[in-house]
2 protein chains.
Amino acid sequence: MLTIKDIAKQLGVSVSTVSRALNNHPDIREETKQEVLEAMKRFNYTPNALARSLIQRKSNTVGLMIPDITDPFFSAMAHDVEEVLSENGYQVVYVNTSRRPDKEKRFLNSVMERKMDGIIVTPDFLDDDAKELLQRLNIPVVFLRRRPPEELNMPFVDVNHYEGACRAMDYLFSLGHRQIGFIGMPRYSFTGQERYRGYMDSLKKQGITPAPRGISWNGRTIECGYKAMERLREELPDMTAVFAANDLLGVGALEYTARNGVAVPDQISIIGFDNLEVTDLHWIKLTTVAQPRKEMGRKAAELLMQMMTDNLLTADSITLETQLIVRNTCSGIAR
Amino acid sequence: MLTIKDIAKQLGVSVSTVSRALNNHPDIREETKQEVLEAMKRFNYTPNALARSLIQRKSNTVGLMIPDITDPFFSAMAHDVEEVLSENGYQVVYVNTSRRPDKEKRFLNSVMERKMDGIIVTPDFLDDDAKELLQRLNIPVVFLRRRPPEELNMPFVDVNHYEGACRAMDYLFSLGHRQIGFIGMPRYSFTGQERYRGYMDSLKKQGITPAPRGISWNGRTIECGYKAMERLREELPDMTAVFAANDLLGVGALEYTARNGVAVPDQISIIGFDNLEVTDLHWIKLTTVAQPRKEMGRKAAELLMQMMTDNLLTADSITLETQLIVRNTCSGIAR
DNA sequence: CTGAAAGCGCTTACAG
DNA sequence: CTGAAAGCGCTTACAG
């Protein structure tokens, strides 16, 4: 490996001079600089970023910690995070935690060791150890698609799940529906809770007493949606619409109707949440609530950039709005 | 930031001793070691990986260069790459090239500067500059889902696209089809070419002269598949089956039939390639050829690990087999 | 087993 | 404008 020293020797100048040329320092004669630069090109010299980082206390690296890159949500966000960060000269180290607490902590530790300049995280577990680690990092941290605990004075970028759910419900109300079932994600999930809250509050605002039998808690998969729909149809025969807390559940519900000869939207309306790509498929055309997933990644990266350049450990959070996507699975009630 | 020096001072020992404790060096008394380790814990000391890497010439970092993390293929592979590498103490720096040559080169440069220990790449462009860069890196490189050019003596992990295509065609032949249309991806794409080759050779082996009008080159999207199917039906009215070079195209073809009242598989059989998740949807159930995408990521990472630990710049490539997934879009021909 | 010293490849005051 | 020197936080022979 060629070093700055080799270049200096070749040219009969000092390493300081070479360094100055490399760093575009003003204190160097233009000619000297050109000579040095040319020699570097000639010898295929590449600066050692490690040495540089060590002395400058800046690694130009940021960490991205997500549960699962395989989830279209996270991959969309990861895409944009990388895009804006790499444009700004940062490299991004990514980690799938697979929702494992030990892996989350391991990553946080390597963030310290590697002297990363900032991180974007979507943790699933945040015990006291992890919180302390996060605090001790002493670098900008932004939470993505999740809110940080109160004690951690760190910004987040997330969507307003609650309002999104209200939007879905209001649309259903506007079509005349009153008996609306709910297919939920696992109870412990943050987004699941928020969307449920939107469902409940909307109902109450309309003076409708939620029917406990009209609420089904499940997993987050198509199969879960299928089963939930089956149950709901039995439990609540006069139900005219269903709000599925995510699209996979919605697609599952739709599959149930398709297989069992239930006409959608004529006999029952279905609305989802997320606007996954599949929902736009010809056979599906699920009406749903969209989240700006790419924008979330972009905003998170921009926020982090700002914090890193301004040397801020906190900043204002960003809450993005959802959008109703009307397709073919909801219609007015005809009675 | 606490350093090794601070710990040494606190304990009244030399930095060498502290370093030895940190690195589990044998030349240290067990008691001393424990004392040091304890002090480190007490003071929340974290070693600086940058300094370490600089001196050890090993950054414990590997690069992953892919076109687009948003593509389910690449995200699946990225997931497994990260998993095996992080288990082995490596961090992975990932980059979306967005199929831009300048970004590919920029990444390769940062691989040099950052002194990464190895990389896994799926380049789209490989001009002479890029090839030279790759060569000069002088670290293990494995190509993922793409073959390297001959001059580059580097291993790859890929699927046998050609055989996969033959598998699809043989299945169609076994059902009695002779007039088989082809919906291809862009001509320049490596995988597209291989799958086309499989189509052509299979036809020839059966003594069938390929009908040029039965071949349609398109993009890689659902819409492209839709349009291609439309054209193919006009150009080749007696066509009984279609081989779509990827699933998105196959789904598009299927959408055409659904919208235009063409019964599948009764009037026409359709087979795809990739086994994307959507193909298993109730409305689709596309017969297709599966690629072991997660396994590909895993294998690539394992291969790279092996090369890094054995200090090898080349190794044997790995070709994975495809698998026919029979669902509902193909049937025997009734005449 | 322990310590002093050199050095990894750079940058950054400090003189001149 | 240029160079000599110190130093970033470590590891690694080399003595003892």
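In what follows, every heavy atom counts, from backbone to side chain, and hydrogens, waters and symmetry copies are set aside. Below, read A as the first sequence line, B as the second, and so on, with proteins coming before strands; counting in each chain starts at 1.
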**Prompt:** With respect to V159(A), which candidate in I318(A), L320(A), T191(A) satisfies the side chain to side chain contact (heavy atoms under 4.5 Å, CB included) definition?
**Reply:** L320(A)
**Prompt:** What's the closest nucleotide to the D27(B) side chain, out of dC1(C), dT2(D), dC8(D)?
**Reply:** dC1(C)
Distance check needed: [N] [atom2] versus [X] [atom1], whole Å only.
X: I7(B); N: dG9(D); atom1: CD1; atom2: P; value: 13 Å
X: D6(A); N: dG9(C); atom1: CG; atom2: P; value: 9 Å
X: E35(A); N: dT2(D); atom1: CD; atom2: C1'; value: 13 Å

**Prompt:** Contact class for I28(A) (heavy atom, under 4.0 Å): base, sugar-phosphate, or nothing?
**Reply:** sugar-phosphate
**Asked** Within the structure shown, what part of the strands sits under 4.0 Å from S53(B) by heavy-atom distance: base, sugar-phosphate, or nothing?
**Response** nothing
**Short side-chain N/O contact to dT2(D) OP1/OP2 from R29(A), under 4.0 Å** = yes
**Request:** Give none if dA13(D) has no partner; otherwise give the nucleotide forming a Watson-Crick or G-U wobble pair with it, both distances under 3.5 Å.
**Result:** none
**Asked** Ion pair present between E82(A) and K103(B), side-chain N to carboxylate O less than 4.0 angstrom?
**Response** yes
**Prompt:** Roughly how far, to the nearest 0.5 Å, is the CZ atom of F107(B) from the OG atom of S86(A)?
**Reply:** 10.5 Å
**Message:** Walk me through whether F143(A) and V121(A) qualify under side chain to side chain contact (heavy atoms under 4.5 Å, CB included).
**Reply:** CA-CA 5 Å; F143(A) 278 69; V121(A) 298; 4.3 Å; yes
Check the interface with nucleotides 11-13 of chain C: list each N/O to N/O pair with the protein under 3.5 Å, or write none.
| residue | atom | partner | partner atom | Å |
| --- | --- | --- | --- | --- |
| dT11(C) | OP1 | N23(A) | OD1 | 3.1 |
| dT11(C) | OP1 | N23(A) | ND2 | 3.0 |
| dT11(C) | OP1 | R52(A) | NE | 2.8 |
| dT11(C) | OP2 | S19(A) | OG | 2.6 |
| dT11(C) | OP2 | N23(A) | ND2 | 3.2 |

**Message:** Is there a salt bridge (charged side-chain N to carboxylate O under 4.0 Å, His left out) between R20(A) and D27(A)? Walk through the geometry before answering.
**Reply:** CA-CA 7 Å; R20(A) 276 188 275 256; D27(A) 287 353; 5.6 Å; no
**Request:** Take atom CD of E31(B) as the centre, draw a 6.0 Å sphere, and report whether it contains more than 12 heavy atoms from other residues, nucleotides or ligands.
**Result:** no
